[in-house]
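Here is the naming used below: chain letters follow the sequence lines, and residue numbers restart at 1 for every chain. Values in this document were obtained by computation on a predicted structure and should not be read as measured data.
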Amino acid sequence: LRCIAFSYVRPVNPVPALQVVHADCISKYRIAFHMLWRLKRVEWSLTTTWKQHTMFNHTNRAYIPPALRAVFHRCYLNRATMMHVVNNLCAFLMFEVLETSWQSLQETISRATCLDDVITAHDAYLSEVLDRALLAPHHEGLNMQVQQLLHVVLRFCTLEETLIAGKFSTRAVGALLCVLS
Amino acid sequence: LFELDLGGQTSSTPVSDSALKRTLNMAEVLGGIVTPEVQRALQTLRFGGEAALQDIVYKLSASIDAKLLNLVMSRFYVQTHLLALKKFMLLGQGDFVTCLMDGVGPELKRRANQLFRHNLTGILEGALRASNAQFEPSYVLDRIGIRLLEATAGDSGWEIFSLDYAIDAPLNAVSRSFAVLGVDFLFNNGSSCSIALHRVLVCTAR
């Protein structure tokens, strides 16, 4: 036994967190990250275009043709709806999904008696997060719809940005109206 | 090794006291794993007492589990790492995410093949310093990095950008097997409980 003890090569600088957060978990974290990052990006794009739009309105109020003013108004209304949806989705994921799962993970870990308990608790936590964030395979249809929604919002944002950047082309206005309807 | 422990004794009932003492001393090195209760049980162990031995092994395994857990939690900051994963990989730290978005947004509007990792790393550092993330311990901050995915034609920077929490650095060195981890820890402690257990078993067998 002693001979085994000394021939056993200890790995350099072992990180036991690895055992809890193993390779499977890392990929799950990445999946969740992509979903959340995309959502945050959409939220950020919406607020950025709102900022640009408002600034544009303040500086160029006199030069905006009446036809465009109507378009801008509809942009504002639609953006408000989009923001409402995106903010709600964000809040749901952050508070209802992540925080409650985290809370139960904390409780389980505080009751754990061995390392295996911690590992299973963490695995369960991640699956719960993925499941409730609509990322599990059986939610695929719903998730696709959410992603499409986000895609439409992003298209709206890019179109509006081109519009405000001074490229008042009829094509941009037409495309924007198409998205709005 | 075992001959030495048994003090040259050949007949086995009762188990040699000195051997047990040594075994217990050995176990004491592990610090707190052998409770007085287990010690008493060991001293009264007689040949043929498999049930008692089983009981001892269960008790020992429970205390080893507790010690291992305590070690992992206190010395290797598992909780902190989990919280950091939530804060950074799951975007739980709001002010950091806002800082990062504001910095990285204009950069990510470019085409994927026009992105430069060093620019993004610089912005990430800035966001870490500007937000409350700066108060995280250095062993957390050092692990946060940027990972750019494989870009396909027509991707913008947004599609390939991803944060990374480098918990997998020595992954290939450490086996997934829980048993190996346990053995590793016990060796780390300067002594091996499996040796002690084995001695108990050998003593009983003799």
Inset, instruction - With a 4.5 angstrom heavy-atom cut-off, could you sort out which part of B:F88 is near chain A: side chain, backbone, both or neither? - result: backbone
Inset, instruction - Kindly check if the number of other-residue, nucleotide or ligand heavy atoms within 6.0 Å of OH (B:Y139) is above 12? - result: yes
Inset, instruction - Could you tell me which portion of B:L163 (side chain, backbone, both or neither) has an atom closer than 4.5 angstrom to a non-hydrogen atom of chain A? - result: both
Legend entry - Euclidean distance, A:I109 CD1 relative to B:Q79 CD, rounded to 0.5 Å: 4.5 Å
Legend entry - Best-contacting candidate, B:T98, B:L91, B:L108, against chain A by heavy atom pairs under 4.5 angstrom: B:L91
Legend entry - CG-CD1 distance between B:D164 and A:I26, expressed to the nearest 0.5 angstrom: 7.5 Å
Inset, instruction - Would you check if B:D102 and A:W44 make a side-chain contact, meaning some heavy-atom pair closer than 4.5 Å? - result: yes
Inset, instruction - Hey, could you give me the CZ/CE distance between A:R41 and B:M101, rounded to the nearest 0.5 Å? - result: 8.5 Å
Inset, instruction - Can you measure from CE (A:M94) to CG (B:L90) and round to the nearest 0.5 angstrom? - result: 7.5 Å
Inset, instruction - Count the heavy atoms belonging to other residues, nucleotides or ligands that lie under 6.0 Å from NE2 of A:H73, then report whether that count exceeds 12. - result: no
Legend entry - Structural part of B:L83 lying under 4.5 Å from a heavy atom of chain A: both
Legend entry - Straight-line distance of B:F161 CZ to A:H34 NE2, nearest 0.5 Å: 10.0 Å
Inset, instruction - Counting only heavy atoms closer than 4.5 Å, note whether B:L100 contacts chain A via side chain, backbone, both or neither. - result: side chain
Legend entry - Close side-chain approach of A:W37 to B:S162, heavy-atom, < 4.5 Å: no
Inset, instruction - Can you establish whether the number of heavy atoms outside A:H84 located under 6.0 Å from its atom NE2 is more than 12? - result: no
Legend entry - Best-contacting candidate, A:E99, A:M35, A:R38, A:E43, against chain B by heavy atom pairs under 4.5 angstrom: A:E99
Inset, instruction - Take atom CD of B:E150 as the centre, draw a 6.0 Å sphere, and report whether it contains more than 12 heavy atoms from other residues, nucleotides or ligands. - result: no
Inset, instruction - Tell me, for A:A133 versus chain B, whether the close heavy atoms (under 4.5 Å) come from the side chain, the backbone, both or neither. - result: neither
Legend entry - Interchain contact, A:L105 with chain B, by part (heavy-atom threshold 4.5 Å): side chain
Legend entry - Close side-chain approach of B:L82 to A:W102, heavy-atom, < 4.5 Å: yes
Inset, instruction - With a 4.5 Å cut-off on heavy-atom pairs, point out which of B:M89, B:E159, B:K109 contacts chain A the most. - result: B:M89
Legend entry - Heavy-atom closest pair, residues B:K86 and A:L98: CE-O, 4.4 Å
